[in-house]
> 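Please read through the structure below; I'll follow up with questions.
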Amino acid sequence: MGVMDSKVPSGPLAEKWTKHKNEIDLVNPANKRNIDVIVVGTGLAGGSAAATLAELGYNVKTFCYQDSPRRAHSIAAQGGINAAKNYQGDGDSVYRLFYDTVKGGDYRSREANVYRLAEVSTNIIDQCVAQGVPFAREYGGLLDNRSFGGVLVSRTFYAKGQTGQQLLLGAYSAMNRQIQRGKIKSYTRHEMLDLVLVDGKARGIIARDLVSGEIERHSAHAVVLATGGYGNLFFLSTYCMGANVMAAWKAHKRGAFFANPCFTQIHPTCIPVSGDHQSKLTLMSESLRNDGRIWVPKRLEDAEAIREGRLKPTQLSEEERDYYLERRYPAFGNLVPRDVASRAAKERCDAGFGVNKTGEAVYLDFDSAIMRYGREKALTSGMKDPDDATVRKMGEEVVEAKYGNLFQMYEKIVDQNPYKTPMMIYPAVHYTMGGLWVDYNLMTTVPGCYAAGEANFSDHGANRLGASALMQGLADGYFVLPYTIGDYLSDDIRTGPISIESAEFDAAEKNVRDRIQKLMSANGANSVDYYHKKLGKIMWNKCGMARNARELKEAIKEIAELRKDFWDNVKIPGSADAKNQELEKAGRVADFMELGELFAMDALHRNESCGGHFREEYQTKEGEALRDDENFKYVAAWEYKGDPSKAELHKEDLEYENIKVKTRSYK
Amino acid sequence: MKIYLKIWRQKDADTRGAMVDYTLDGVEADMSFLEMLDVLNEKLVSKGEEPVEFDHDCREGICGTCSLMINGRPHGPESLITVCQLHMRSFNDGDTIVIEPWRAKAFPVIKDLIVDRTSFDRIQQAGGYISVNTSGNPVDANAIPIEKEMADKSFNAAACIGCGACVAACKNASAMLFTSAKVSQFALLPQGRVEAAERVQNMVRQMDLEGFGNCTNTGACEIECPKGISLENIARMNREYLSATVKG
């Protein structure tokens with residue numbers, strides 16, 4: 001396992017990061033001017049990394065497929081960002097944040113990375129506030145907090161339901177400052193199509209200008225991939241339409257190991273699928289579970305009556321409702337982690353209790369919160385004996401102030417008023433915990449190629465708790481990479497500029513051109529979306545919320561067949577030398593079809609259930625996930641060997657020196 | 001539903017565009033407007049024709065990428081939403097819908113319905129930030145208490161998604177609402193006050209350089225803004241600008 005050295009520093013957990021920072025090599029400020037870094041992706045991880053690296057003095061080039069760095073999908077994160085500030089005095093600490101995150105990740109994340117994440121979390125809030133991120137505040141002027149699933153403290157900082165937007169705009173404004181100073185050159189509407197290795201090191205990328213179609217060469221001393229996750233291989237997901245795995249997959253093909261591809265988070269509170277035309281799913285923030293109670297009817301006949309429109313949910317009394325999360329998990333109730341809540345919803349719907357036409361929805365009900373807040377507000381406004389209508393009106397105002405934009409979004413999509421009738425929700429693909437394998441320095445197995453944020457695998461394990469993705473993106477970008485990349489680049493102070501006129505760049509460019517040519521010349525009958533939807537169906541049905549060996553084996557076969565059909569029968573109109581959205585999609589879907597096969601292989605080999613990976617063969621009598629620490633307490637890192645089916649498995653054993661690995665219980 | 005579409009087709013920035021008619025059958029009320037276009041494109045591709053290109057990404061109303069003039073209104077007939085949140089239930093069987101790109105000199109057409117909005121980025125690069133280092137700030141976040149009302153106001157300004165509907169709605173193609181939202185977000189926070197004068201001057205200068213028109217207080221921008229950004233911000237920016245220029 002020579003190439004896969006995690007480089008976790010020795011010593012006590014709480015001192016590892018400080019010790020590491022003290023020991024790694026630095027680059028003299030005057031030398032940073034002679035070093036170029038490419039950052040691909042400009043979301044929370046890429047944007048913050050680019051800004052910080054530029055500020056340190058490196059010459060940075062950023063690439064994004066969107067028309068502006070500010071449009072990266074981090075912008076859509078609604079709920080919040082965690083930090084162990086303990087401003088609420090409810091017993092939070094770095095250790096507790098670390099512990100919750102490792103436990104929430106079902107003990108499949110790297111202990112040292114997670115501890116570092118918890119450690120720098122407090123700095124993130126300081127940084128963002130200094131940049132002018134308008135977090136929610138209390139009347140005393142101090143920052144407000146709320147709680148998220150899987151934890152018992154209020155450590156989540158937020159800006160209404162638009163936290164991701166505000167944090168991304170913060171990182172983007174920091175980028176703008178560096179663009180203005182000439183330290184960042186921003187390439188928008190550009191897509192990375194290959195990674196270029198020179199003498200085994202990442203030295204540049206091949207990119208396509210999505211407007212002109214031109215193929216470009218860009219060199220650098222190091223390449224940072226901050227390209228997000230790959231959940232769009234399910235076709236329907238909460239990802240933006242353009243999110244893809246292309247950059248990461250190309251790096252994988254050039255030698256970067258791909259870790260735990262099957263660990264995919266299914267978020268419990270999304271707006272259910274409405275029909276075949278649907279192109280994406282919309283999330284309702286997990287923060288809603290602070291006040292919303294999840295239920296289905298207790299009796300099958302009531303569920304049926306609701307599905308057929310004969311009965312309204314508001315007509316069912318408390319006693320006729322099954323608040324199944326509160327019933328099964330009294331300690332955490334509606335705030336159990338996402339994987340637990342998702343599976344519980346699926347279980348009830350599979351048992352016939354679903355409440356929408358397709359039977360794939362449960363209720364998220366705000367009625368009791370509205371009345372509770374209303375009574376409180378009435379009391380504090382000095383009303384002695386308000387009637388129910390007044391209480392409800394006041395309660396609705398409080399709920400609107402907290403979640404107004406989410407309620408509005410729901411109403412626009414579903415055409416129902418969630419203040420008057422409970423929301424319908426169902427789980428959907430939301431975040432991928434797997435990604436490129438990285439060491440403690442966030443470097444992949446390709447020297448000089450780094451992966452940050454959702455694109456890497458290290459911090460979330462098999463499941464991700466709420467409000468931890470924003471934290472990881474910004475931690476990697478603002479506080480980790482800028483240090484660790486210096487250790488590698490210190491060897492490059494005498495290298496000088498990397499030429500783009502080399503055999504390696506020639507070969508990579510040829511590779512890219514050949515592939516585009518192949519895509520354009522496959523003059524078949526089916527659109528790219530036709531294949532993407534087919535792939536998504538296989539993934540959701542056979543590699544989705546529940547998996548079993550038989551179906552996974554079928555999926556592997558079906559994906560390979562679909563891939564072959566794609567290359568023979570896809571049809572891409574237009575030209576490769578101009579703007580061509582079909583061609584863009586085709587390249588992405590082609591990669592998804594390779595990754596999909598590896599994903600299924602990974603799920604098949606992992607004979608246990610943990611986090612977002614639920615194998616039907618491995619569950620307790622009560623239907624809870626049955627983990628196998630003896631045999632699977634490792635990271636599965638796959639090495640590309642010419643075809644996904646030939647991928648070679650490497651294992652990084654996970655050591656937990658500081659916490660006792662226990663069965664995860666939220667009861 | 002059967003829908004008749006008139007869509008602006010333009011090969012690239014240098015080629016003359018034209019309206020093209022399409023008829024689309026089987027449109028469902030639950031489809032989003034962009035999903036309706038997906039269905040149209042699927043049909044075009046299967047016939048070997050080039051699909052209609054339009055910008056879109058998150059499809060949940062927050063990235064600000066989608067940008068269609070629908071029957072002469074940015075983001076279509078409903079208020080406080082982007083095109084991706086517009087559903088076909090807002091239209092009737094047999095309707096004719098006219099779809100065009102944003103219209104403004106500072107937003108040149110790239111292809112079909114896609115325009116170049118990088119002028120917005122350049123306005124922000126001119127000063128839309130607080131000049132603070134990104135590599136570790138020692139000051140605790142709660143060391144700067146901010147009045148809730150001011151934080152909320154700042155947030156309301158910061159909610160701008162930079163879609164450009166304000167420009168498209170404006171008869172002068174003015175970018176005042178966008179620029180003023182950015183100016184306001186920082187002007188309302190104590191962290192942003194230090195360089196407020198310089199910021200507003202630089203951003204306004206860049207806005208003018210990009211070829212955006214002037215504000216004549218028509219208010220169409222506020223009406224069409226999917227995020228409800230208030231005209232108050234323009235008034236604030238004017239005050240900020242005036243005081244900055246008076247101070248010199």
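Any value given below was found using the heavy atoms of this structure, including those in side chains, with hydrogens, waters and symmetry copies removed.
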> Any donor-acceptor pair under 3.5 Å linking the side chain of A:Lys412 with the backbone of B:Gln85?
no
> Under 3.5 Å, is there a donor-acceptor pair between the side chain of A:Glu55 and the main chain of B:Thr134?
yes
> Sort and list the pairs that fulfil salt bridge (Lys or Arg N to Asp or Glu O under 4.0 Å) and have at least one residue in residues 191-204 of chain B, not counting sequence neighbours.
B:Arg193-B:Glu240, B:Glu195-B:Arg199
> Between A:Ala72, A:Cys128, A:Ala54, A:Ala159, which shows the greatest number of heavy-atom pairs under 4.5 Å with chain B?
A:Ala159
> Determine, for B:Asp57 against A:Arg71, whether the closest basic-nitrogen to carboxylate-oxygen distance falls under 4.0 angstrom.
no
> If you count heavy-atom pairs under 4.5 Å between each of A:Asp415, A:Ile179, A:Thr188 and chain B, which one has the most?
A:Asp415
> Rounded to the nearest 0.5 Å, how far apart are CD of B:Gln185 and CD of A:Gln166?
6.0 Å
> One pair to check against side chain to side chain contact (heavy atoms under 4.5 Å, CB included): B:Asp55 and A:Arg189. What are the steps and the verdict?
CA-CA 11 Å; B:Asp55 261 338; A:Arg189 293 195 196 267; 2.7 Å; yes
> Say whether, by atom type as modelled, one donor and one acceptor occur between the side chain of A:Gln180 and the main chain of B:Gln124 under 3.5 angstrom.
no
> Kindly determine whether B:Ile130 and A:Arg177 satisfy side chain to side chain contact (heavy atoms under 4.5 Å, CB included), including the steps that lead there.
CA-CA 8 Å; B:Ile130 289 174; A:Arg177 180 166 166 251; over 6 Å; no
> Kindly compute the distance separating CD1 (B:Ile146) from CD (A:Glu138), expressed to the nearest 0.5 Å.
13.5 Å
> Which bit of A:Phe479 comes within less than 4.5 Å of chain B, counting heavy atoms only: side chain, backbone, both or neither?
side chain
> With a 4.5 angstrom heavy-atom cut-off, which part of A:Leu143 approaches chain B: side chain, backbone, both or neither?
both
> Looking at OH of A:Tyr239 and SG of B:Cys58, how far apart are the two atoms once the value is rounded to the nearest 0.5 Å?
15.0 Å
> Output the distance between atom CG (A:Asp529) and atom OG (B:Ser46), rounded to the nearest 0.5 Å.
12.0 Å
> When you measure from the side chain of A:Gln581 to the backbone of B:Glu53, do you find a donor-acceptor pair of N or O atoms at a distance under 3.5 Å?
no
> Just by distance, with hydrogens left out, do A:Thr282 and B:Glu60 show a side-chain donor and acceptor under 3.5 Å apart?
no
> Pull out the residues in residues 24-34 of chain B that come under 4.5 Å of chain A, heavy atom to heavy atom, sorted by number.
B:Glu28, B:Asp30, B:Met31
> Within the distance-only criterion (no hydrogens, no angle test), does the side chain of A:Gln165 pair as donor or acceptor with the backbone N or O of B:Ala159 below 3.5 angstrom?
yes
> Calculate, to the nearest 0.5 Å, the distance between atoms NE2 and OG belonging to B:His87 and A:Ser274 respectively.
7.0 Å
> Thinking salt bridges, do B:Asp140 and A:Lys85 make one under a 4.0 Å N-O criterion?
yes
> Tell me, for A:Phe135 versus chain B, whether the close heavy atoms (under 4.5 Å) come from the side chain, the backbone, both or neither.
backbone
> Taking the side chain as every heavy atom from C-beta outward, state whether B:Asp38 and A:His277 have any pair of such atoms under 4.5 Å apart.
no
